[in-house]
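Have a look at the structure below before the remarks.
Indexing begins at 1, ligand by ligand and atom by atom, following the structure's order. Quantities reported herein were computed from a predicted structural model and do not represent experimental measurements.
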Amino acid sequence: MGLRSRLAGREETTTDGHGDGRLVADYRAKLLREIDLAEMSSLGTVERRDRLERVLGHILSREGPVLSPQQRALLIRRVVDEALGLGILEPLLEDASVTEIMVNGPEQIFVERAGRVERLPLRFASEEQLMQTIERIVSTVNRRVDEANPMVDARLPTGERVNVIIPPLSLTGATLTIRRFPRAYTLRELVDFGTLDESILLLLAALVRARLNIIVSGGTGSGKTTLLNALSGLIPDGERIVTVEDAAELQLQQSHVIRLESRPPNVEGRGEITIRDLVRNSLRMRPDRIIVGEVRGGETLDMLQAMSTGHDGSLATVHANSADDALMRLQTLASMSELQVPFEALRDQINSAVDVIVQLVRNPDGTRRIAEVVALTSRGRQPFRIADLARLETTPMTADGRVHGNFRHHPVPRGLADRLHRAGERIPPVFGVHLDDDHLTTREAR
Ligand SMILES: Nc1ncnc2c1ncn2[C@@H]1O[C@H](COP(=O)(O)OP(=O)(O)OP(=O)(O)O)[C@@H](O)[C@H]1O
Ligand SMILES: [Mg+2]
């Protein structure tokens with residue numbers, strides 16, 4: 001069985017005349033559990049196969065089914081082929097606690113577990129061996145990596161997101177990053193993790209149901225997609241939702257969802273479909289809401305226009321380090337559209353499109369938290385003004401290496417409160433409502 005079918009279904013149960021695929025998968029898992037990773041990585045390809053065959057032989061003698069010598073030899077070959085498929089990455093892919101695998105050239109392998117990054121005492125035998133593994137991975141999605149295509153970003157059939165960049169673009173050697181398909185968490189679970197508190201949950205839920213436009217902002221791996229997914233889960237069933245993503249990660253449960261995924265150019269450099277193409281197309285699909293996985297370029301303008309023209313209740317994420325920064329980023333990204341819109345006009349677009357920004361942070365202890373929730377209160381071409389709705393106040397890292405913090409809640413500006421009330425939503429009491437926005441403490445975004 002080839003790598004392709006393995007990647008397409010780890011739980012494969014086909015029977016192909018050489019024994020049961022299930023059996024192969026079971027023994028492969030048992031084998032990977034018994035081997036000594038550090039030792040395996042120090043062996044060459046031939047010795048590694050030899051060692052695996054011997055360990056598997058012991059396992060089969062100990063607890064295996066009764067097999068003829070031919071059947072036994074065939075089973076061993078198939079299991080070891082499978083186990084060697086991605087070399088030393090196999091056991092890491094098998095390990096559910098590993099959320100990200102990062103290979104920086106043959107010498108350095110890092111993984112992320114429970115939000116913490118650690119270096120493993122493993123290495124590839126050579127640059128060639130690493131390249132072979134990379135080629136095996138990208139060939140399963142019909143992509144090629146070579147000097148003409150030195151960067152590949154792809155999603156495996158099993159959902160993992162894979163990025164490859166090789167020399168001469170990478171000075172560190174061939175670099176492979178595998179992100180496991182993210183687990184979908186509900187807002188309730190995120191409250192249990194301390195990402196937000198109960199009151200913020202209730203406020204965000206009200207904002208989503210009342211169709212306010214929300215931008216989720218944060219740095220790399222800060223939990224933007226996870227929060228976007230959790231927020232999307234609050235959209236009432238029956239609304240027509242179109243999602244647009246680079247790598248489809250959102251897992252919406254509603255019955256009326258259309259998922260769109262962009263496409264990179266093929267090996268000949270043709271056929272690219274960008275996020276922007278998809279956002280534009282989605283506008284012609286009569287959506288009630290549009291969800292954009294991440295805005296990175298000119299599509300920002302299309303998305304802002306959609307948000308302010310009837311597709312309210314839309315959601316998107318942007319890569320930025322604070323809510324202030326998110327506004328600046330949106331403006332810069334929107335200006336990347338080929339339409340030459342003056343900067344003041346872009347401000348107008350953002351002021352009328354964006355209602356709330358939720359900023360995430362990833363703390364040194366691996367936790368992800370909401371750092372701030374702000375409402376945009378400026379109108380027209382005014383410079384951006386924002387009012388805090390909630391803010392995380394952290395204490396310095398404690399001896400146990402954890403970051404603790406509490407959320408402060410602030411009154412909801414009158415305009416926003418009115419929209420929530422009109423939609424029949426309640427505002428959690430800890431926030432309160434600002435009766436007179438003239439005295440609302442807002443600040444100019446910097
Ligand atoms: N609130 C959270 N608490 C704990 N872990 C989380 C939380 N949110 C996300 N994670 C974990 O952090 C990792 C990154 O999450 P996610 O993909 O949502 O981040 P992201 O900001 O979208 O990343 P990227 O910048 O790569 O798009 C995943 O393994 C995810 O399960
Ligand atoms: Mg993301």
Side-chain angles (χ1 to χ4, degrees), residues 92-93 95-102 110-118 153-156 158-165 175-198 200-201 204 214-233 243-252 259 261-262 275 291-297 299 303 315-323 325-326 329 333 357-373 390 392 394 401-405 407:
L92 303 179
L93 281 166
D95 181 347
S97 70
V98 170
T99 49
E100 193 135 13
I101 302 171
M102 293 154 274
F110 291 86
V111 294
E112 186 191 67
R113 279 197 180 94
R116 289 187 191 235
V117 175
E118 55 183 295
D153 198 46
R155 189 163 55 91
L156 301 184
T158 35
E160 289 94 349
R161 201 160 100 189
V162 170
N163 182 274
V164 174
I165 181 160
T175 299
L176 168 69
T177 313
I178 303 178
R179 159 86 57 91
R180 195 180 291 284
F181 192 64
R183 240 206 78 186
Y185 294 111
T186 60
L187 273 190
R188 180 71 47 197
E189 286 172 298
L190 297 183
V191 169
D192 293 339
F193 296 159
T195 301
L196 67 165
D197 67 10
E198 185 72 25
I200 299 176
L201 179 155
L204 292 177
I214 302 174
I215 301 286
V216 174
S217 161
T220 307
S222 59
K224 298 182 294 294
T225 304
T226 302
L227 182 62
L228 182 68
N229 193 60
L231 291 174
S232 308
T243 68
V244 176
E245 295 175 273
D246 257 336
E249 293 179 322
L250 294 172
Q251 302 166 61
L252 270 63
R259 305 168 72 213
E261 188 180 59
S262 64
I275 289 281
I291 302 177
V292 182
E294 184 172 335
V295 290
R296 291 171 213 233
E299 71 275 6
M303 188 208 63
L315 304 165
T317 81
V318 68
H319 191 121
N321 296 324
S322 67
D325 187 28
R329 280 283 293 163
L333 293 173
I357 299 172
V358 182
Q359 178 68 36
L360 286 161
V361 278
R362 173 179 173 173
N363 294 307
D365 66 355
T367 56
R368 276 90 171 165
R369 291 224 171 87
I370 287 184
E372 50 182 339
V373 182
L392 176 70
T394 48
R402 297 192 59 84
V403 177
H404 298 272
F407 294 99

Expected output: side-chain [X] to main-chain [Y] donor-acceptor under 3.5 Å:
X	Y	result
Arg362	Gly218	no
Arg369	Gly194	yes
Arg180	Val98	yes
Ser217	Ala323	no
Asn363	Asp365	no
Arg329	His319	yes
Glu372	Ile357	no

Nearest heavy-atom neighbours spanning Val358 and Leu227 =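 Smallest interatomic distance, heavy atoms only, reads CG1-CD2, 3.7 Å.
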message = If you compare all heavy atoms of Met303 against all heavy atoms of Ile215, which two are closest, and at what distance to 0.1 Å?
response =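 Minimum heavy-atom separation between Met303 and Ile215: CE-CD1, 4.2 Å.
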Tell me the contacting part of [X] for ligand 1: side chain, backbone, both, or neither, using a 4.0 Å heavy-atom threshold, strictly below.
X	value
Arg369	neither
Thr226	both
Arg362	neither
Thr225	both

ask   = N/O/S of Thr225 less than 2.8 Å from the Mg ion (ligand 2)?
value =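 Short answer: yes, at least one N, O or S atom is under the cut-off.
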So if I count the atoms of ligand 1 from 1 in the order they appear, which ones are less than 4.0 Å from some heavy atom of [X]?
X	answer
Lys224	18 (O), 19 (O), 20 (P), 21 (O), 22 (O), 24 (P), 25 (O)
Gly221	14 (C), 19 (O), 20 (P), 21 (O), 23 (O), 24 (P), 25 (O), 26 (O)
Thr195	1 (N), 2 (C), 3 (N)
Thr220	25 (O)
Thr99	29 (O)
Arg161	26 (O)

Heavy atom of the protein closest to [atom] (residue, atom name, distance):
atom	value
atom 17 (O) of ligand 1	Arg179 NH1, 3.0 Å
atom 5 (N) of ligand 1	Arg368 CD, 3.8 Å
atom 19 (O) of ligand 1	Gly223 N, 3.1 Å

ask   = Between Leu204 and Ile370, is a side-chain contact (heavy atoms from CB on, under 4.5 Å) present by the stated rule, with each step listed?
value = CA-CA 12 Å; Leu204 292 177; Ile370 287 184; 4.1 Å; yes
Got an N/O contact under 3.5 Å between [X] and ligand 1?
X	answer
Glu249	no
Tyr185	no
Phe193	no

ask   = Using a distance-only test with no angle check, is there a side-chain donor-acceptor pair under 3.5 angstrom linking Thr99 and Glu112?
value =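 Yes.
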key: Protein non-hydrogen atom found under 4.0 Å from atom 13 (C) of ligand 1   =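 So far as the 4.0 Å threshold goes, atom 13 (C) of ligand 1 is in reach of a protein heavy atom.
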ask   = Does a salt bridge link Arg161 with Glu245, judged by any charged N lying under 4.0 Å from a carboxylate O?
value =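 No, no charged N to carboxylate O under 4.0 Å.
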Looking at ligand 1, does [X] have a heavy atom less than 4.0 Å from it?
X	value
Ser222	yes
Glu189	no
Gly219	yes

inquiry  = For the CG atom of Leu360 and the OG1 atom of Thr195, what is their distance to the nearest 0.5 Å?
reply    =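 Reported to 0.5 Å precision, the distance equals 7.5 Å.
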